[in-house]
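Below: one structure, written as structure tokens.
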Amino acid sequence: MAQNITSRKENYPQWYLDVIAAGQLADYAPVKGCMVIRPAGFAIWEAMQARLDRMFKETGHMNAYFPLLIPEHFFAKEAEHVEGFSPECAVVTHGGGKQLEEPLVVRPTSETVIGHMYSKWINSYRDLPVLINQWCNVIRWEMRTRLFLRTSEFLWQEGHTAHETYEEAQEETLRMLEIYRRFQEEYLAIPVITGQKSAGEKFPGALATYTIEAMMQDGKALQAGTSHNLGQNFAKAFDITYLDRNNHQVPVWTTSWGVSTRMIGGLIMTHSDDDGLVLPPKIAPVQVVIMPIITGDENQVQLLEVAENLRSELSHRLDPLQIKVDGRDNLRPAEKFFHWIQQGVPVRVEIGPKDLQKSAVMVARRDLRDKQSVPLAGVSDHVIQLLDTIQTDMFERARSYRDEQTRTAKSYDEFKQILESAGGFIRAHWNGSADVEEQIKTETKATIRCIPFTDNLEPGVCIVSGEPSTQEVLFGIAY
RNA sequence: CGGGGUGUAGCGCAGUCCGGUAGCGCGCCAGCUUUGGGAGCUGGAUGUCGGAGGUUCAAAUCCUCUCACCCCGACCA
């Protein structure tokens, strides 16, 4: 077992940090709450970006870039927004050696500056919809930080759209939520629950916030992405109006939606094991590593040749950049194994003298730590199929774990007991009141993760107040 | 901001009570031997002991002040 990683059982938070260190994904920056994303970690982010960016563009969005610094008074324009964000804003007060006339806020999110620009760009219904996304960094001054999950600076994308009608905005909000769901489930192999945030948990300034909620291996919930229908709140605050089809000047309807580098944390805590990182093939920067087992000078040339041949064979069917041959001869085989294991590479092909004699190679899958001999002639097919199997298996394992850790509470007592003994998600009836939500949070630390979208709405009674409830909502202790 | 803790080599720590001039493990570098699941031996490099002031012949160690970070609570993608 890994020597440099605390087991999950022993100390889950420490395990998480150890996996990141062992995989060389990130390191602490000199400024509290900030992190350096190292090449191995950034490659994962780039893979996420590439895929999502394509999905955004396939649905008609284009990328743009808005500035990091925002005039402070912009935030004051939307009451709920300023109240929600001002405690966590970093503010620039000096520039060029002088105190600034007006302080500049380092963006915690860009609704305000984008709203300002949209009011200039949108004049007529013919200008709508506006479908823009930006990839950038934001700063939120956090009291307690954790690598990837919560850092003062993080990378994300924020989509900002403007529409003619409420219905169109709502459709867009849900369309993007669905893209997030598909991305998480199909690429990251992370099962998520989609639903709406309660009033208490929604984005400051939004009409409604929708979310995808994932469950980590310790039973805690992770909000993995959000999509907001902003209604006309920002349109009114920033005077984003247009001449409609009836020749009336009216406010637009806007949306915003985002996912961040937090997804990397979710990826780690969904799939990784006590040996380190485990990555699903569809997002792994390196999908296959081919490793000649060099034990002396005799076979070295031949081993490398077989490795290179396999690489070129696989290159026709995979992205050549996602195949690595580790021909280093200064490391012992064991050290190389552990290196790639801790990088989470899904498939490892080992070629040693013993294999050559049998015209075979050893093929190991990272997710199950399983290894078998495969005839050289069929390796390529085997690897391609194995990548596919791993992707499916990882998702299914995560989903069945999530389902096993999701329970229903019929009473508040039962609710508390489940939280204490097992954790995980709890479905329970709730009367929709903010007071009850708050009471549960104070007494148990559990929050409403979302009001799930569901076809079968079963009425019941609130576990706290006993009042009627239209459906069960999803509770959990969140990261 | 409350409660608790820690600052000594790249990392993890001992040394502090009882002052005497810097140590262990891992890592790093070199060489040799090794090499199918985290190697062995030999040699080597590395420190303003968090910072400032003080007491003393002498301070990592005692005194005063200060800074930073970590953990636990209240806010959050």
Side-chain angles (χ1 to χ4, degrees), chain A residues 1-6 11 13-14 17-18 21-22 27-34 83-89 107-110 136-146 148-158 180 197 200-204 206 209-214 221-228 256-266 275-276 291-300 303 328-342 348-358 360-362 364 369 371 373 438 441-442 445 447 478-479:
Chain A
M1 289 291 124
Q3 306 167 343
N4 53 346
I5 298 178
T6 309
N11 184 343
Q14 189 57 48
L17 296 174
D18 290 348
D27 206 344
Y28 293 97
V31 174
K32 174 177 161 58
C34 292
E83 193 188 329
F85 279 107
S86 53
E88 45 185 319
C89 284
R107 66 179 163 223
T109 179
S110 302
C136 67
N137 58 341
V138 291
I139 298 253
R140 297 182 186 178
W141 219 258
E142 297 292 348
M143 297 184 168
R144 287 190 60 197
T145 58
R146 265 166 162 300
F148 291 117
L149 296 176
R150 173 162 297 111
T151 45
S152 288
E153 179 187 21
F154 59 90
L155 305 183
W156 76 344
Q157 58 66 219
E158 47 179 329
Y180 290 158
K197 282 291 184 187
E201 296 275 330
K202 78 173 172 60
F203 179 78
T209 290
Y210 301 89
T211 179
I212 49 174
E213 295 286 327
L222 186 75
Q223 177 176 309
T226 47
S227 185
H228 318 288
S256 70
W257 27 274
V259 292
S260 72
T261 35
R262 168 181 273 190
M263 286 190 296
I264 298 173
D275 289 323
M291 193 179 302
I293 309 285
I294 299 162
T295 55
D297 292 335
E298 328 81 83
N299 291 313
Q300 190 165 345
L303 289 167
R328 289 177 292 181
D329 58 2
N330 61 328
L331 292 184
R332 301 158 56 79
E335 289 176 288
K336 293 204 273 185
F337 293 151
F338 279 94
H339 173 75
W340 294 109
I341 285 169
Q342 302 201 322
R348 195 175 68 247
V349 179
E350 303 170 10
I351 309 172
K354 292 181 211 158
D355 303 306
L356 278 191
Q357 282 170 9
K358 295 185 290 182
V361 297
M362 295 301 291
R369 298 302 310 277
K371 184 152 85 169
S373 183
E438 186 56 36
K441 186 178 173 182
T442 312
K445 290 182 187 167
T447 50
Y479 266 102

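Every chain is numbered from 1 and lettered A, B, ... according to where its sequence line falls, protein lines coming before strand lines.
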In whole Å, what separates the [atom1] atom of [N] from that of [M]?
N	M	atom1	answer
B:A58	B:G20	C1'	7 Å
B:U21	B:U61	C1'	12 Å
B:U16	B:G7	P	13 Å
B:A60	B:G15	C1'	8 Å
B:A14	B:G23	C1'	8 Å
B:A22	B:G5	P	31 Å
B:C13	B:U34	C1'	31 Å
B:U66	B:G3	P	16 Å

Specify the separation, in whole Å, of atom [atom1] of [X] and atom [atom2] of [N].
X	N	atom1	atom2	answer
A:Leu331	B:G38	CG	P	14 Å
A:Asn11	B:C71	CG	C1'	12 Å
A:Arg369	B:G38	CZ	C1'	12 Å
A:Ile341	B:G36	CD1	C1'	13 Å
A:Gln3	B:G27	CD	C1'	13 Å

Which residue lies more 5' along RNA chain B, comparing A:Leu356 with A:Glu335 via nearest heavy atoms
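Looking at RNA chain B, the more 5' nearest nucleotide goes with A:Leu356.
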
Contact nearer the 5' end of RNA chain B, comparing A:Ala224 with A:Phe337:
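Nearer the 5' end of the strand: A:Phe337.
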
Counting just side-chain N and O atoms, does A:Lys445 come under 4.0 Å of either OP1 or OP2 of B:G73?
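True: A:Lys445 side-chain N/O within range (under 4.0 Å) of B:G73 OP1/OP2.
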
What nucleic acid atoms does [X] come within less than 4.0 Å of, heavy atoms only: base, sugar-phosphate, or nothing?
X	result
A:Arg146	nothing
A:Ser373	nothing
A:Glu142	base
A:Glu83	nothing
A:Gly352	base
A:Asp355	base

Pairing partner of [N] (Watson-Crick or G-U wobble, both distances under 3.5 Å):
N	answer
B:A59	none
B:G73	B:C1
B:A22	none
B:C28	B:G44
B:U34	none
B:C65	B:G51

Atom CZ in A:Phe148, atom CE in A:Met263: separation rounded to 0.5 Å?
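Output value for this atom pair is 11.5 Å.
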
Are A:Glu213 and A:Thr211 linked by a side-chain donor-acceptor pair shorter than 3.5 Å?
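There is such a pair between these side chains.
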
State, without any angle test, whether A:Asp18 and A:Thr6 hold a side-chain donor-acceptor pair at a distance under 3.5 Å.
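Yes.
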
Is a donor-acceptor pair below 3.5 Å formed from side chain A:Arg332 to base B:G36, judging by atom type as modelled?
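Side chain to base: no pair below 3.5 Å.
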
Please step through side chain to side chain contact (heavy atoms under 4.5 Å, CB included) for the pair A:Glu158 and A:Ser256, ending with a clear verdict.
CA-CA 7 Å; A:Glu158 47 179 329; A:Ser256 70; over 6 Å; no

Where the side chain of [X] is defined as all heavy atoms beyond and including C-beta, which of [options] is the nearest nucleotide?
X	options	answer
A:Asn4	B:A77, B:U34, B:G38	B:G38
A:Ile293	B:G36, B:A77, B:G37	B:G36
A:Lys354	B:G36, B:G37, B:A77	B:G36
A:Glu350	B:U35, B:G37, B:A77	B:G37

Is any side-chain heavy atom of A:Arg262 closer than 4.5 Å to one of A:Trp156?
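The answer is no, as the side chains (C-beta and beyond) never meet within the 4.5 Å cut-off.
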
Are A:Lys202 and A:His228 close enough that some pair of their side-chain heavy atoms sits under 4.5 Å apart?
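No. Closest side-chain heavy atoms not under 4.5 Å.
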
Can you list the steps and then say if A:Glu350 with A:Lys371 is a salt bridge (Lys or Arg N to Asp or Glu O under 4.0 Å)?
CA-CA 10 Å; A:Glu350 303 170 10; A:Lys371 184 152 85 169; 3.0 Å; yes

Under 30°, 30 to 60°, or over 60°: which ring-plane class applies to A:Trp257 and A:Tyr180, parallel, tilted or perpendicular?
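Ring orientation, 0 to 90° scale: perpendicular.
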
Going by centres under 5.5 angstrom and planes under 30 degrees, do the aromatic ring of A:Phe154 and the base ring of B:A77 stack?
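Yes, A:Phe154 stacks on the base of B:A77, since the ring centres sit under 5.5 Å apart and the planes are within 30°.
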
